[in-house]
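See structure below.
Here is the naming used below: chain letters follow the sequence lines, and residue numbers restart at 1 for every chain.
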Number of protein chains: 2
Amino acid sequence: MSDTVVVGLDVGGTSTRATALTLAGDRLGTGRAGGGNPTSHGAERAAAELLTALREALTDLEPTRVAAGTIGLAGAGRLLADPAGRAAFDQAWHDAGLRCPYEVHGDALVAYASGTAAPDGTILIAGTGAITAQVTDLRLDRIADGHGWLLGDAGSGFWLGREAVRRLLADLDAGQAPGTLGTAVLTELVGSADVAPRPRDTVDATIQAVTRRPPIELARLAPLVVTAATDGEPVATALIAEAAAHLAGSVGRIRPGGATTPVVLGGGLLTADTPLAAAVRAEIARDWPDATLRTAGDGAAAAAWLAARGLPEVTDPAALHARLFPTP
Amino acid sequence: MSDTVVVGLDVGGTSTRATALTLAGDRLGTGRAGGGNPTSHGAERAAAELLTALREALTDLEPTRVAAGTIGLAGAGRLLADPAGRAAFDQAWHDAGLRCPYEVHGDALVAYASGTAAPDGTILIAGTGAITAQVTDLRLDRIADGHGWLLGDAGSGFWLGREAVRRLLADLDAGQAPGTLGTAVLTELVGSADVAPRPRDTVDATIQAVTRRPPIELARLAPLVVTAATDGEPVATALIAEAAAHLAGSVGRIRPGGATTPVVLGGGLLTADTPLAAAVRAEIARDWPDATLRTAGDGAAAAAWLAARGLPEVTDPAALHARLFPTP
C-alpha cells in the first residue's frame with residue numbers, strides 16, 4: 001500500500017496544477033502549466049497543458065505506481081459530452097505514462113472537497129464569475145448561478161467591476177465629482193482622474209475604454225472595489241454589501257433552510273481576507289447559524305483526495321483529508 | 001417664399017426616413033430606406049441609405065427649391081468628428097441634387113422636437129436602448145445614460161429582456177416552475193416550455209440560446225414582458241415598475257427639481273400605449289407635477305422643422321410646429 005500513488009489535477013482558466021500524493025498524504029510531486037479550461041481554450045490546448053503539469057508532477061516517480069486520478073475543471077460536463085475532447089484528455093493521460101483510470105469532476109466539486117471531507121454541503125465560489133452548488137455524497141447536485149457575465153454571476157468580480165463603472169457613469173451624468181472609488185476606476189480605465197469640461201466626453205472615454213476589451217475584463221476592476229471597501233469608501237462598501245447579498249441569495253436558492261452541513265467558500269474574492277468574504281460569512285452565519293464555514297484550499301490536492309477516496313485501501317478518507325488540509 | 005422647401009432626415013438603426021416640407025407645413029414628399037446608423041453600419045452604408053431616402057422624398061420637386069436640411073442620427077457627434085464619414089454624407093447630399101447646407105443633430109434632439117416646439121425641456125427615449133437628455137435652446141445639453149447595453153441602458157428593451165431571462169434562470173435554479181412570463185421567454189428561446197428532468201439542462205440550453213446571438217438581441221424579448229405586464233403577470237409587472245424607476249432615475253440625474261418645461265417620451269417602449277409608458281408617465285407626473293408630458297412623433301418631419309426654424313422667412317416656428325404636429 002505504501003507504494004500506491006494518486007494524482008489530482010485542477011484545471012483552471014489561468015493555470016493547470018497537478019499533485020501526486022501517497023495514500024499517507026505525502027506530496028511526491030507537483031506540476032504547473034498554463035490555463036487549460038477546455039471551454040475557453042479548446043480541448044486540444046487544455047490536454048496539452050494537462051500533460052505538461054502531469055509530467056512535472058510525475059518527474060521523480062514511476063507512473064505505474066499511480067492507481068487513480070481525478071481531474072477537476074470548469075465545464076466538465078461539456079468535456080465528457082464531447083468525444084474529441086475526451087479523446088484528447090485520454091491521450092494526454094496515456095502520454096504521461098499513466099495506465100490507471102481517471103475521473104473528471106466540475107471545478108466546484110473539487111473546490112468543495114478542498115474545504116471539507118463531509119459528503120454533503122454547499123460550495124460558493126466568487127472569482128471572475130460566481131456559482132454555488134449543493135454537494136450530495138460528493139457529487140454536484142443542484143446549482144445556482146454560474147450563468148455567465150451576460151445573464152448572471154451576480155456578486156462576482158465581473159459584477160463588482162461593472163457596477164463600479166456604472167456608479168462612476170451615474171456620478172458623471174449627474175455632474176457630481178467621482179468619489180475615491182470612481183476616481184480609481186477612472187484612472188485605471190482612461191489613465192487620468194480628470195473629468196473633461198464636458199463630463200459627457202469623460203463618459204464616452206470611459207465607455208470606449210471598457211468596450212475596447214472583452215466584457216469579462218471588467219473583473220479586473222474588482223480589486224479596486226475591494227481595496228476601497230477595506231478603506232471604508234461608501235460606494236465600494238455599498239457594492240460589497242450588495243454583492244454579498246447576491247451571493248447569499250444564490251445559496252438560499254438551493255440550500256435548505258436550517259441545513260447544518262458545511263459551507264465552503266472558494267474563488268479569489270472569498271478565499272482571501274476581503275470585506276466581501278467577511279460580508280458573505282456574516283450573511284451565511286445569519287441565515288444558517290449552525291453551518292460550519294470553511295475556505296477552499298489546494299484544488300489539485302483535493303482532486304487527488306477524491307481519487308484516493310475511491311481506492312479500497314483508503315479506509316478512512318476523512319483522516320487523509322485532515323492530513324492534507326490541516327485546520328489552523 | 002411659397003416655393004421654399006426644407007428636408008428632414010431621421011436616420012435610425014432599422015430605417016432611414018426623409019420628408020420634404022413647404023414652409024406652410026405641407027408634405028411634398030417622403031422617402032424611406034434601410035437602417036443607416038453610421039456607428040453600427042458604417043458611414044458609407046449610412047450615406048447610401050440616406051441618398052435612397054432623399055431621392056424618394058424629392059421625386060416630385062426641383063431639388064434647388066430646398067433651402068435647408070437637417071439630419072438626425074444616433075452618434076451624430078462621432079460622425080461629425082470623422083472626416084471620411086462627413087465626406088460620405090456630403091457626397092450623398094450633393095448626389096441628391098441638393099445645394100443648400102445641412103445640419104446634423106443627435107436623434108435625441110430630433111425626437112424631442114417631434115414632441116414640442118419649446119426650446120427647453122427633457123427628452124426620454126426607451127427603445128432597444130435608453131437615453132435621456134436636457135434640451136436647452138433646442139440643443140442637447142446634459143445627457144444621462146445611453147451608456148449601451150453592457151454598462152447601462154437601464155429600463156430599456158435590452159434591460160427588460162435580460163432581466164426576464166435572469167428571473168427565469170433564478171426560478172429554474174430554485175426548482176420552481178416558471179410563471180407565465182418565464183414560460184413565454186423559455187418558449188421563445190429554446191422552442192419549448194418544458195423543463196428538463198435536470199433543470200440545469202434547461203438553464204444551460206437557455207444560456208446557450210442567448211449567447212449564440214449578439215447580446216443586444218435580448219431586446220427582442222421585451223415585447224413578451226410588455227404583453228405579460230398588460231395581462232397583470234406579477235413578474236412582468238415588477239420588471240416594468242423597476243424599468244420605469246430606472247428611466248425616471250435617469251431623468252432625475254439631469255432635470256432640475258421643480259422644472260416646468262415639457263418632457264417628451266420617445267422610443268418604441270414609450271410612444272406606444274404600453275404599461276411601461278403609463279408607469280413612466282406616473283413617475284414623471286409625481287416628481288415634476290407641473291411638467292407637460294408629450295409623445296415623440298414623426299422624426300423626419302421634426303428634422304425638417306428644425307431646418308425651417310433657421311430660415312429668416314420662418315417668423316413663427318411654433319405655429320409651423322403646431323401645423324406639423326397637431327395635438328389630438
With a cut-off of 3.5 Å and sequence neighbours excluded, list every side-chain donor-acceptor pair involving residues 240-251 of chain B.
residue: B:E242; atom: OE1; partner: B:R167; partner atom: NH2; Å: 3.1
residue: B:S250; atom: OG; partner: B:H246; partner atom: O; Å: 3.4

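For the pair B:L218/A:L151, a side-chain contact is recorded, criterion being any heavy-atom separation below 4.5 Å from C-beta on.
For chain A, the nearby parts of B:L150 are the backbone and the side chain; heavy atoms of each come within less than 4.5 Å. For chain B, the nearby parts of A:L169 are the backbone and the side chain; heavy atoms of each come within less than 4.5 Å.
Separation of atoms CH2 (A:W149) and OG1 (B:T211) is listed at 9.5 Å; rounding is to 0.5 Å.
Along residues 183-198 of chain B, no residue comes nearer than 4.5 angstrom to chain A, judged on non-hydrogen atoms.
Note on A:R200, A:E163, A:R166, A:Q176: by heavy-atom pairs under 4.5 Å with chain B, the leading option is A:R200.
Formation of a donor-acceptor pair under 3.5 Å by the A:R142 side chain with backbone atoms of B:D173 is found in this model.
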